[in-house]
Amino acid sequence: MTKITKVLIANRGEIAVRILRSVHKAGLKGVAVHHAVDAQTPAVKQADTAVEITGATPVAAYLDGAQIIAAAKESGADAIHPGYGFLSENAGFARACEEAGIAFIGPRPETIDLMGDKVRARNFVESRGFPVAPSAIEDDDPATFVERARAVGAPLLIKPSAGGGGKGMRIVRDLALLEEEIERGRNEGQRYFGDGRLFAERYVERPRHIEVQVLGDTHGNVVHLFERECSLQRRFQKVVEEAPSPTLSADERERICEVAAGIARAAGYVGAGTVEFIYGRGEFYFLEMNTRIQVEHPVTEEITGTDLIAEQLRVAAGEPLGYGQDALAINGHAIEVRVYAEDAARDFAPTTGPLLTMIPPGGAGVRIDSGVEQGGAVTAAFDPMIAKLIVHAANREAALDKADAALADFVILGCRTNIAYLRRLLADPDVRAGAIHTGLIGEKPELAADPAVDGATVRALLAAAALSARPVLDAANAVPPLHAAIGGWRN
Amino acid sequence: MRHCIELDGHDHLIWLSRTADGYILRFDGGDVAISLDNGLLRAGDSQGPVHIAGQGDRLFIHWNGESHELLFKDAVLRHAAGAASGSEDTVRAPMPGAVVGVSSEAGQTVMEGDILLVIESMKLETAIRASRDGVVEAVHVTLSQSFERDAPLVTLAPLGEDA
Amino acid sequence: MMRRIHSRIDPRDAAFLANVEHNRALAAELERRQHAVRTIRPERDLQRLERQGKMTVRARLEQLLDPGTPFLELSTLAAGETPYAEDAPGAGQLVGIGIVSGKEVVIRADDSSVKGGAWYPMSVKKIVRALDIAIENRLPVVHMCDSAGGFLPLQAQFFADRYGAGRIFRNQSTLSKMGVPQVALVLGNCTAGGAYIPALSDYSVIVRGTGAIFLGGPPLVKAATGEDVTVDELGGADMHTSVSGVADYPADNELHGIAITREIVAQWRRQPKAGEPAIDPEPPAYDPAELYGILPADGRVQFDMREVIARIVDGSRFHEYQPGYGTTLICGYARIWGQQVGILANNGVLFSDSALKGAHFIELCDQNRTPLLFLQNITGFMVGREYERRGITKDGAKMIMAVSGASVPKISINCGASFGAGTYGMNGRAFDPRFMFSWPRSQVAVMGAEQAAGVLTTVKIRQMEREGGALTDEQIAAIREPVIAEYQRSSSAWYATSELWDDGVIDPLATRETIAIALSAALNTPIPEPRYGVFRM
């Protein structure tokens, strides 16, 4: 048992706030590290201790493991929670924490290494008898990669071996373009990950992205917390996530969840992790395993009543899970939408601006995970996520209705957001019917266009503007009451 | 003269009139009685909660489940030709003197506040700056040339159409 | 706190219906004349304006005003009965009281659509009157200048006299001295004397390209000195706003100039109003449109002025003073658009008692700081041995003394007749009413047409009889009828307003708003303490 009393959160924004909440709930102290640009954010304000970190860019500060470990030592933290992104899947950082005598809240470094390499991870999964997509791995024999890739057949997905997050992925439907696309994928891999190695696998048309939350302890116990479906993506970035998947039958659910738990078990997985699958026409293939807490973890928390961060803390402290798979069940349906500062009508270009007003929706079954607040600002320094809106209801239909109502009530002024787009997306008949796949958003560009503002809305908006724009109001109030009452009279 | 408010890419000409018990909005869609009390907006037969935030001339309004951005356009700026300032095309000498530095030339694009020339007068050096964004059309003086008050020094042309 | 007037009219009565038809036709005639003066222009003149990038004077006005506020146009039909009516519609001037950036102002604009906005004799009279209104009521002025200058062939009629063109500049200087601001927006030429309008205004805005100010234009300069010079060099916006300092703000176009002008007016201080503050207005209880049925088609037929008051004042409520005494003059308090007024209205010939009642009531209103409204329908004071013996002249003198001496603002409406000494007692033009309006049916003259024609024809007939013996009835009628026709023309409302004997002919249905706007304007001037001359006892 490792005694944990004080947890440093090596992250920022909504996940730092989210982790702090469970840290405090567990009776522990929380330390926030922050770049100067984040000094006024809720995470820093809510932390028991805040340590400023520096870097050539704000992002660089959060990637500086040595500095963060020094901050942990300085503040007396005995554990570091990496959140997601930044150092969360950096095995070197996990090792450095261990060497410094600080608990890294996550799996063992070897697991991170294994799962961080797409090719190794795939081979590992395949070797243990779990389903993987037909594929060709460049490293196996670089000279024959193109022929082997061609043999897998179209459609084909080319991915950087070192990749993640969808960067550098290319779909090849016409094998005549194969070599050209391989070159592009290689260049992107080189650019994003400093590694041009590729692999190619069978691409499932109109695939669904289904992932399974797993949890393992240091005593060899592994459970799954059912699946999440994240098929609504834009350029491989998840936009809407839900649990459970609207498409899986009970049988399929049991199979896919058991495969995920089996993979985790085979890897000796410790902590919270996610096994991602590609699903299509009743088949599913292993995609990758993420060895960290996921952005979309709240939907799992909502349907299972579990606090995944609290579980991570318990596991890191060496506690056994203390329950088995039988104790876990699905309750209702949860949906998460990511509220971004972006302009859907301008090809989802990120926007920036002050959060002049930010009033999150409330009520039963509505949860907001956010790292910013009214008075703050969305800057170009980090990704433009303002908040995650999570709703929980008895069934999917009710959850969709609740999400729409909550989005309508979510007031964010000062910065353009994708809220209106999310509402249009959730109202789409295919989305309502659960007929979703990872290409759906791309196939419906019309949803991204701003509809023309209708007459009644124009009238209301101009009314609100007139009553709040000082020059307009002042001009109205300057008119003597008599003349205002007589109105536009002419003799 | 009505106020101009841009919404959804359209300019709307509006005016607000006070009445005994509220206001009337006059706009391109007619006249409508409106009020705003404690975050409750009424506009004709519509009513509901509204959130409004302003930043400079920008107005952000959340109404009926959607946020919109509007822009109040100042009448003087809106009607001024070309550059926003409406200031003169030719920079003239504020006092008699001599040119001690020339830092602009014909064809050069300048921003408001850029130094065009330095002149010396009454033993004091004065920077002559661009009164607005534009392109230098002509520099009327050369180094060490002396001039009288009001002599034209530099003429600016407006920036291109899309500026 | 006041009772409603009880109306006794019967809207189904044949006479009422005949009156409606007659008065509607008169209102339509007014509308036709105003429409012609305001909007009908030769096509080529409108095209010229468009070529110059100029708006019409009416379009400029609408942009200048606060939208949704009233504009009381004054002397719309000025010069309408003059020989040069066609060349100077409305005397080539647009004048009125309106709201600019929340301020009550006098707007005076040259109409350059005909004859380049040249000033005719009545133009000068209208401008001087506009500035007199500004002075008397302390109203700031917005000038919109676009005039070719005085119309030279008629200069003898408008230049040298006390109220000639120089009076414009004298009035401008007086306003400035009083601390009443003026802004001139130069949208066209301001040549010769006209150049002094912007120069004497506290603020001036000039539009690039079209606006120009100079004492002599390029041709005159060429003739005088041989110098070749362009309009822009001589008096353009950039020269005047950066070199000469004659004008203050350059504008890129007319709308830009109007926007700047509105911003200037917005800076001006607001004067506290004199008198009793206005209360919430209340519409009349009786439909003002019924006025058309009340006013008799035959101008010689008497009508009860209470019926008129009931359709002009708030709630038709009227507190009548001395209801049983001097009953040919109705006196009492009421409110118009919330503003208190003391009303004197004729209900017949003035007798001694009605004149004494009027004089007393004027003093009461003066003491109470209540503005006065005169509703004229007066053929004169009663004549005859009995009345002279009782001293009707000294009682009439008391009323005239009271009218002349009252310190509160006075407004007159000629509702029908305004003749002879009745005009004096009822605050005619000579008694400096702040505003004076006429209904289309009204007449103003020394005496009524029939009476005057009688006097005039009798003289002629006697002369002819002395020369050639008795005249037949046909011969007498042939002498009499042209005399009556000319007399009627020169005592008509159209003639009165053409000569600026009033501030405009108004539709009776516009009376309530006209008075409200005029009253509000009048109350910008503090009311001095009451003080009168000697009343002949």
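Lettering follows sequence order; numbering is per chain, from 1.
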Point to revise | Verdict with reasoning, Glu66(B) to Thr457(A), per side chain to side chain contact (heavy atoms under 4.5 Å, CB included) | key: CA-CA 10 Å; Glu66(B) 282 174 14; Thr457(A) 305; 5.8 Å; no
Practice item. Starting from the C-alpha separation in whole Å, work towards a yes-or-no answer on side chain to side chain contact (heavy atoms under 4.5 Å, CB included) for Thr357(A) and Phe60(B). Key: CA-CA 9 Å; Thr357(A) 304; Phe60(B) 300 91; over 6 Å; no
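Contact record, Gly54(B) with Leu356(A): O-CD1, 3.9 Å, taken as the closest heavy-atom pair. Considering every non-hydrogen atom in both Ala465(A) and Ile61(B), the closest pair reads N-CD1, 3.7 Å. Nearest heavy atoms, Pro354(A) versus Gln55(B): CG-NE2, 3.3 Å.
Only the side chain of His12(B) comes within contact range of chain A, with at least one heavy atom under 4.5 Å from a heavy atom of that chain. Heavy-atom distances place the side chain of Leu59(B), and not its backbone, under 4.5 Å from chain A. Residue Ile359(A) touches chain B through its side chain alone, counting heavy-atom pairs closer than 4.5 Å. Contact annotation for Leu7(B): only side-chain heavy atoms (C-beta onward) come within less than 4.5 Å of a heavy atom of chain A. Using a 4.5 Å cut-off between heavy atoms, Arg423(A) touches chain B through its side chain atoms alone. Proximity to chain A involves both the backbone and the side chain of Asp45(B), based on heavy atoms less than 4.5 angstrom apart. When heavy atoms are compared at a cutoff of 4.5 Å, Leu70(B) approaches chain A solely by way of its side chain, counted from C-beta outward. Thr19(B) does not touch chain A: none of its heavy atoms, backbone or side chain, sits under 4.5 Å away. Neither the backbone nor the side chain of Pro361(A) comes within contact range of chain B, judged by heavy atoms closer than 4.5 Å. Both the backbone and the side chain of Ile52(B) come within less than 4.5 Å of a heavy atom in chain A.
Of the listed residues Ser17(B), Gly65(B), Ala53(B), Gly29(B), the one with more heavy-atom pairs under 4.5 angstrom with chain A than any other is Gly65(B).
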